[in-house]
Novice: 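Okay, handing you the structure first.
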Amino acid sequence: MNGVLDQKIVKYFIDTCHQSWLKGWNERNGGNMSYRMKPEEAEAVKPFLSEDGVWRPITLTLPNLSNEYFIVTGSGKYYKNVLREPENNICIIRVDEKGENYKIVWGLAEGGVPTSELPTHLLNHSIKKEKTDGAYRVIMHAHPANTVALTFLLSLDDKTFTKAIWEMITECPIVFPAGIGVVPWMVCGSADIAVATGEKIKKYDAVVWSHHGIFCCGPDFDTAFGLMDTIEKAAEILIKVMSCGGKRQSISKEQILALSEPYHVDIDAAMFDD
Ligand code: 2HA
Ligand code: ZN
C-alpha cells in the first residue's frame, strides 16, 4: 500500500492529468498542474513524506505560502504517463517558513524536479489565495490547440479575446463573467512571465499565453478544468466559423449583458468599451 496514492485528493489530481491528456491538451511534456493542499489533506499524507530532500529557491518571495504543501507535475514528465506511474511523474513539495524555497517531500521517485513553470504556479497561487480568502487551490496550464490558434488570428488584448470567446457559446459569459486575460509571447518558465501572468490573474481566472497555451485556476479541479474546457470549446467553434468564411449573424452586446441578472453573475460590461 502507498499511503500518498490512496488519498482521494491525490487520485483526483492524477485523474485530472489523465483527462487533460485525453483532451489532447498535453502533447509530449506539455502542460503542468499544481494543487495547494488543505491542512487536513497535508496532515493525512505527512506520515508518508520525507524531509531528506534539498531546499531549492522559488526565485520569488511568497510569504503567504509559508509551509504550504502542493501536489505538482514534474518537469519534462509526460501527462500520458501520470496515471500509469504517478510516483515517477508528480510530486508533493513543501514551501519553507519564509516562502522563498521549496523541497520535494514525496514523488519523482526516479528523479526530477517540479514543473519548469513553478514560479508562475506559486506566484499565482499566492495572489489567488489572497484574493479569494484561501478558496482557490488549483492552477493548470496546457496547450489546447484552438485557443493557441486564435493567438495567431485575433488582436492580443483582453477585450478582443474575451468578446470573441464569449460570443461563441452563450454559457461563456456566465462561466467566466470577468473575461480572459492575454499576455504577449514571452520566454516560458521565467520569473517575467510569472509576473505578467500574475498581473492578469488578479482580475481573471484564465490567462492566455500568446502562441503557447493557457493558464486556468479555480477552487477545485472540476472548476479549473471546466473553465479550460469551455474556453477551448468556444475557441474551436470560432475557428470553425472563421474557416467557413466568418460570422453571418451573432448575439449582441445587449444580449450578452442580459445574462447577468437571471444567472446572478456580473458580466463585465467594460469589455465592450472602446
Ligand atoms: O513543460 O508547458 O510551458 C511544459 C510546458 C512549459
Ligand atoms: Zn506550456
Side-chain angles (χ1 to χ4, degrees), residues 13-14 16-35 56-60 70-93 102 104 107-128 138-152 154 156 161 180-201 204-218 221 224-225 227-229 231-232 235-236:
F13 186 100
I14 293 165
T16 305
C17 287
H18 195 64
Q19 299 299 329
S20 192
W21 156 249
L22 294 177
K23 283 280 185 189
W25 299 341
N26 300 85
E27 75 292 340
R28 201 173 182 277
N29 62 318
N32 30 75
M33 183 162 71
S34 59
Y35 172 78
R56 294 191 173 93
I58 296 171
T59 68
L60 297 160
F70 293 86
I71 313 174
V72 189
T73 50
S75 176
K77 305 297 182 186
Y78 292 26
Y79 268 48
K80 179 175 77 69
N81 299 332
V82 170
L83 181 62
R84 190 166 35 82
E85 285 182 38
E87 66 281 3
N88 291 326
N89 292 287
I90 67 172
C91 62
I92 297 176
I93 61 168
Y102 73 88
I104 298 173
L108 294 174
E110 291 180 347
V113 290
T115 168
S116 56
E117 305 294 357
L118 194 66
T120 300
H121 279 259
L122 294 183
L123 176 62
N124 289 289
H125 273 294
S126 168
I127 292 167
K128 280 297 188 190
V138 176
I139 295 187
M140 55 179 71
H141 165 64
H143 304 157
N146 295 285
T147 304
V148 176
L150 286 181
T151 68
F152 294 89
L154 301 180
L156 299 174
F161 248 82
I180 303 172
V182 182
V183 298
W185 185 90
M186 296 174 82
V187 173
C188 47
S190 63
D192 285 349
I193 203 168
V195 171
T197 310
E199 279 308 308
K200 301 279 181 181
I201 219 88
Y204 307 109
D205 286 346
V207 178
V208 171
W209 281 9
S210 297
H211 321 310
H212 182 146
I214 186 166
F215 264 83
C216 289
C217 55
F221 295 112
F225 187 92
L227 177 58
M228 192 175 287
D229 202 8
I231 292 170
E232 172 59 6
E236 182 181 350

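Counting starts at 1 for both ligands and their atoms, following the listed order. Note that the structure is a prediction, hence the values are computed from the model and not measured.
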Novice: Looking only at non-hydrogen atoms, find the nearest pair between N88 and K77 and report the distance.
Specialist: O-CE, 3.4 Å
Novice: Going through the checks in order, is the side chain to side chain contact (heavy atoms under 4.5 Å, CB included) test met by K23 and F225?
Specialist: CA-CA 11 Å; K23 283 280 185 189; F225 187 92; 3.9 Å; yes
Novice: Of the backbone atoms (N, CA, C, O) and the side-chain heavy atoms from C-beta on, which set of T115 has a member under 4.0 Å from an atom of ligand 1: side chain, backbone, both, or neither?
Specialist: neither
Novice: Give the numbers and elements of all ligand 1 atoms closer than 4.0 Å to a heavy atom of N29.
Specialist: 1 (O), 4 (C)
Novice: Rounded to 10°, how many degrees is the angle NE2/H143-the Zn ion (ligand 2)-NE2/H141?
Specialist: 110°
Novice: Going by side chain to side chain contact (heavy atoms under 4.5 Å, CB included), C217 matches just one of N124, V207, I139, I127. Which one?
Specialist: I139
Novice: Only heavy atoms of H141, strictly under 4.0 Å: list the atoms of ligand 1 that pass.
Specialist: 2 (O), 3 (O)
Novice: Test side chain to side chain contact (heavy atoms under 4.5 Å, CB included) on F13 and V72; report intermediate values, then the result.
Specialist: CA-CA 9 Å; F13 186 100; V72 189; 5.6 Å; no
Novice: Any idea which atoms of ligand 1 are less than 4.0 Å away from a heavy-atom of H143?
Specialist: 2 (O), 5 (C)
Novice: Please tell me if the side chains of I93 and L118 come closer than 4.5 Å, counting only heavy atoms from C-beta onward.
Specialist: yes
Novice: Among T197, T151, T120, T147, exactly one meets side chain to side chain donor-acceptor pair (under 3.5 Å) together with W209. Which residue is that?
Specialist: T197
Novice: Check this for me - ligand 1, G31, N or O atoms closer than 3.5 angstrom, yes or no?
Specialist: yes
Novice: Any N/O/S atom from C188 (main chain or side chain) under 2.8 Å of the Zn ion (ligand 2)?
Specialist: no
Novice: Hey, which atoms in ligand 1 end up nearer than 4.0 Å to a heavy atom of N32?
Specialist: 1 (O), 2 (O), 4 (C), 5 (C), 6 (C)
Novice: So how far is it from S75 OG to N29 CG, rounded to the nearest 0.5 Å?
Specialist: 7.5 Å
Novice: If you measure every N/O of W209 against every N/O of ligand 1, is any gap under 3.5 Å?
Specialist: no
Novice: Could you check atom 3 (O) of ligand 1 against the protein and tell me its nearest heavy-atom contact, residue, atom and distance included?
Specialist: E117 OE2, 2.6 Å
